[in-house]
Amino acid sequence: MLSEPRPGPRPTTSDEGPHRQVDQRAPAALWGELVARVLALDGVVEGLSQVSPASSRAVFLADLREELAPERSLAPGQRLEPVHLHGVDDTSLHLVLPVDRGAELVRLGWAEPHQYADFGTEVMVYGPRDADELEAVLSVVEESLRFARGLDTPTA
């Protein structure tokens, strides 16, 4: 589980929607690797995000279409969408985590609260700048998928 601070200052993010990262983006090849590795995770299905711009890729679960609770999805009341990856002109991602874990990642400099959070479980994770950060971000995606499946106790 990621517990080390993210080196350096936080990236700049948009003040208005859509919520996006505007600097310190992942290099295109690294972003492509992130997308490929996330979509290769067991039980993951790629789709169009129900709540994010068309350049985003939704991460759905093959065996779980309905949310266990609304705070476990970025699109409450629709198909369960625990994660979506923003396009190469952004490289951040939105995902859901237990409230305390999301707050910890914010304190560590890896994330910030989602601009349009309804439950406090929604965070933006910054795009990885190097191979080590890629592994860190992948581990957070895996945490989010476990949370969506109900394998972590919600703290909200």
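By convention here, the first residue in the shown sequence is residue 1. Atoms considered below: every heavy atom in the structure, side chains included; atoms not considered: hydrogens, waters and symmetry mates.
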Non-neighbouring partners of E67 that pass side chain to side chain donor-acceptor pair (under 3.5 Å), sequence neighbours left out: none

Exam field: side chain E81 to backbone G47, donor-acceptor pair closer than 3.5 Å: no

Partner residues of E142 under the side chain to side chain donor-acceptor pair (under 3.5 Å) criterion, sequence neighbours left out: none

ILVMFWY cluster, L30 and V22 together (side-chain gap under 4.5 Å): no

Minimum heavy-atom distance H19-S14, with the two atoms named: CA-OG, 3.3 Å

For S139, side chain to side chain donor-acceptor pair (under 3.5 Å) partners two or more places apart: none

hydrophobic_cluster_shared for V83 and V45, side chain cutoff 4.5 Å: no

Heavy-atom donor-acceptor pair, E71 side chain to G120 backbone, under 3.5 Å: no

Heavy-atom pair of closest approach, residues H84 and S49: ND1-OG, 3.5 Å

Mutual orientation of the aromatic rings belonging to H86 and H94 [parallel < 30°, tilted 30-60°, perpendicular > 60°]: perpendicular

L80 to R72 - nearest heavy-atom pair and separation: CD1-O, 3.3 Å

Distance-only side-chain donor-acceptor flag, R79 / Q50, under 3.5 Å: no

Co-membership, hydrophobic cluster, residues F147 and L41, 4.5 Å side-chain: no

Check: L105 and V140 side chains under 4.5 Å, non-hydrogen atoms: yes

Side-chain hydrophobic cluster, 4.5 Å single linkage: members besides Y126: M124

Within one Ile-Leu-Val-Met-Phe-Trp-Tyr cluster: L95 and F119, side-chain cutoff 4.5 Å: no

Residue list, side chain to side chain donor-acceptor pair (under 3.5 Å) with R149, at least two apart or on another chain: D63

Side chain R25, main chain S92, donor-acceptor under 3.5 Å: no

Side chains of Q78 and S73, donor plus acceptor under 3.5 Å: no

Under 3.5 Å donor-acceptor, Q21 side chain and G127 backbone: yes

Single-linkage hydrophobic cluster, 4.5 Å side-chain cutoff, V51 and L64 together: no

Residues that P113 engages under side chain to side chain contact (heavy atoms under 4.5 Å, CB included), provided they are two or more places apart: V106

salt_bridge(E104, R107) N-O dist < 4.0 Å: no

Value rounded to 0.5 Å, distance of CG in L61 from CG in D42: 11.5 Å

Carboxylate-amine/guanidinium proximity below 4.0 Å for E143 and R101: yes

Contact summary for L74 and P82, nearest pair of heavy atoms: CD1-O, 3.8 Å

Non-hydrogen atoms of P128 and A26 that approach each other most closely: O-CB, 2.8 Å

Derivation of the side chain to side chain contact (heavy atoms under 4.5 Å, CB included) call for V59 and L145: CA-CA 9 Å; V59 178; L145 298 177; 4.1 Å; yes

D23, CG: over 12 other non-hydrogen atoms inside 6.0 angstrom: yes

L48, CG: over 12 other non-hydrogen atoms inside 6.0 angstrom: no

Closest heavy-atom pair and its distance - L93, V141: CD1-CG2, 3.5 Å

P11 vs R6 side-chain heavy atoms within contact, under 4.5 Å: yes

Cation over ring face, R65 and F60, 6.0 Å, 45°: no

Passing option when R20 is tested against D89, T12, T13, D90 for side-chain contact (heavy atoms from CB on, under 4.5 Å): D90

Worked verdict on E122 versus V96 for side chain to side chain contact (heavy atoms under 4.5 Å, CB included): CA-CA 5 Å; E122 308 96 328; V96 291; 4.1 Å; yes

